[in-house]
Amino acid sequence: MNAPTLESPPSAVGAARLLDGRALALQVRARVAAEVAERIAHGGQAPGLAVVLVGEDPASQVYVRHKIKACEEAGIRSYSHRLDAQASEEALLELIDRLNRDPQVDGILVQLPLPAQINVQRVLARIRPGKDVDGFHAENLGRLAAGFPALRPCTPKGCMRLLDSAQIDCRGKLAVVVGASNIVGRPMALELLSAEATVLIAHKQTRDLPALVRQADILVVATGVPGLIRGEWIKPGAVVIDVGINRLGDGSLTGDVCFQEARERAAWITPVPGGVGPMTIACLLENTLEAAQNAVFIPV
Ligand code: NDP
C-alpha cells in the first residue's frame, strides 16, 4: 500500500500513520555515537556537555537525568552543575562564565524554567553562542531567522527531522504553528519557512483558532493546553505534530491534540509520548557534537 500523502487524504477511519520519534531518535543517537567514537579514534577529545539545573523542580530533574543518560550512551561527557533554588542570578552568570572558558565543555545547557529571581534572557545571552546547544541565544535565533542557521533549537529541529523521515515536502504547503514561544513555536515557524512552507502562527489572541487549523496542511501544536486541538478541526490528510507534553491527574502523559480524534482525519501524526520528545534529546546530542566539531578555543 502506498503511504498516504498530503494530496491523497486517508479514506479509512484511523488511517493516520505514526511519526515514530522513538525509532528515529535511536537512529540519530546511534549516528552521533558512531561519529563521537570516530572523533576519539582520531585523537580528538570526547564532546562535553555541561548541564545546569537551578532548584528542585521535579519535571526538570527528570529531563536532566534523561539528557545525562543519553550523553553517556553516545560517548559524550556530561558535567552536572546544581544550584539551589535561592541561587542568585550573579552566581549563575559566574558559573556560565566559567563554563564558557572551559575547553572541556563544548555545550552549555541551562534547564528551564529558572526561579523567579533570575532573568532568563540575561542568562541565555551570557552563554557563548558557539556553546549554546539549546539554540536559544539571540544570535542563534537570529541566524535561523535570517536563513543561515548555526546551532538550531532542538525541539523544532527534531520536528523537521520527523517530517524529513516521512519524506514530507513542506514546499508550498500551508503550515500552522499553534504556540509562539521562543523555544518552540517561533523557531518552528522559522524552520518551516526555511523549508518553503507558507506559515501562520497562532497564539492566545488568535481569533477563531478552529478556522485557522482547518486550513493547515501541516499543523504543529505547542501550547501546553491538553487536548486543545479537536479532531474535527483537522484538515483531512494533514500532517499533525504535537509538541505538547502534559501530565494528567492520573500520572499519564498527553499532548495538546486530541489524538484519537485527530488520527481519524490526519495522514500522519506524532504520538505523545514517543513523538517529538525523544527527538528533542537526540537533537541535543547532535548539537553538542556539532559544537565540539566547530569549537575554536578562545581564551577569555
Ligand atoms: P509556553 O507556555 O512558553 O508557550 C505556549 C504558547 O502557546 C504561547 O505562545 C501561548 O500564547 C500559546 N497558547 C497557550 N494557550 C493557547 C490557546 N488556548 N490558544 C492558542 N495559543 C495558546 O510553552 P512552551 O512553548 O515552552 O511549551 C509548549 C508545550 O510543549 C508544553 O506542553 C511543553 O511541555 C511542551 N514541550 C515539549 C517539548 C518536547 O520535547 N516535546 C520541548 C518543549 C516544550 P501567548 O504567546 O499568547 O501566551
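We count ligands from 1, going down the list as the structure has it; atoms in each ligand are counted the same way. Please read all numbers here as calculations on a predicted model, not as lab measurements.
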Just distance, no hydrogens or angles: give the donor-acceptor pairs under 3.5 Å from side chains in residues 273-286, sequence neighbours left out.
unit_1 : atom_1 : unit_2 : atom_2 : d
Thr280 : OG1    : Thr155 : OG1    : 3.0
Thr280 : OG1    : Val276 : O      : 3.4
Glu286 : OE1    : Lys157 : NZ     : 3.0
Glu286 : OE1    : Arg161 : NH1    : 2.6
Glu286 : OE2    : Arg31  : NH2    : 2.7
Glu286 : OE2    : Arg161 : NH1    : 2.7

Exercise. Is the shortest side-chain N to carboxylate O distance from Asp169 to Arg171 below 4.0 Å?
Worked result: yes
Exercise. According to the salt bridge (charged side-chain N to carboxylate O under 4.0 Å, His left out) rule, which pairs have a member within residues 180-200, sequence neighbours left out?
Worked result: Arg152-Glu191
For this session: Please determine if Lys235 and Asp217 form a salt bridge, counting it only when a charged side-chain N lies under 4.0 Å from a carboxylate O.
Result: yes
Problem set entry | More than 12 heavy atoms of other groups within 6.0 Å of His66 NE2 | no
One line per pair, note the atom names and distance for all nitrogen or oxygen contacts under 3.5 Å between ligand 1 and the protein.
unit_1   : atom_1 : unit_2 : atom_2 : d
ligand 1 : 9 (O)  : Ala180 : N      : 2.8
ligand 1 : 11 (O) : Lys204 : N      : 3.4
ligand 1 : 25 (O) : Ser181 : OG     : 2.5
ligand 1 : 32 (O) : Ile245 : N      : 3.1
ligand 1 : 32 (O) : Ile245 : O      : 3.4
ligand 1 : 34 (O) : Ile245 : O      : 3.3
ligand 1 : 40 (O) : Thr280 : OG1    : 2.7
ligand 1 : 41 (N) : Val243 : O      : 3.3
ligand 1 : 47 (O) : Lys204 : N      : 3.1

Problem set entry | Those residues that, when tested against Thr270, pass side-chain hydrogen bond (donor to acceptor under 3.5 Å, both in side chains) (two or more places apart) | none
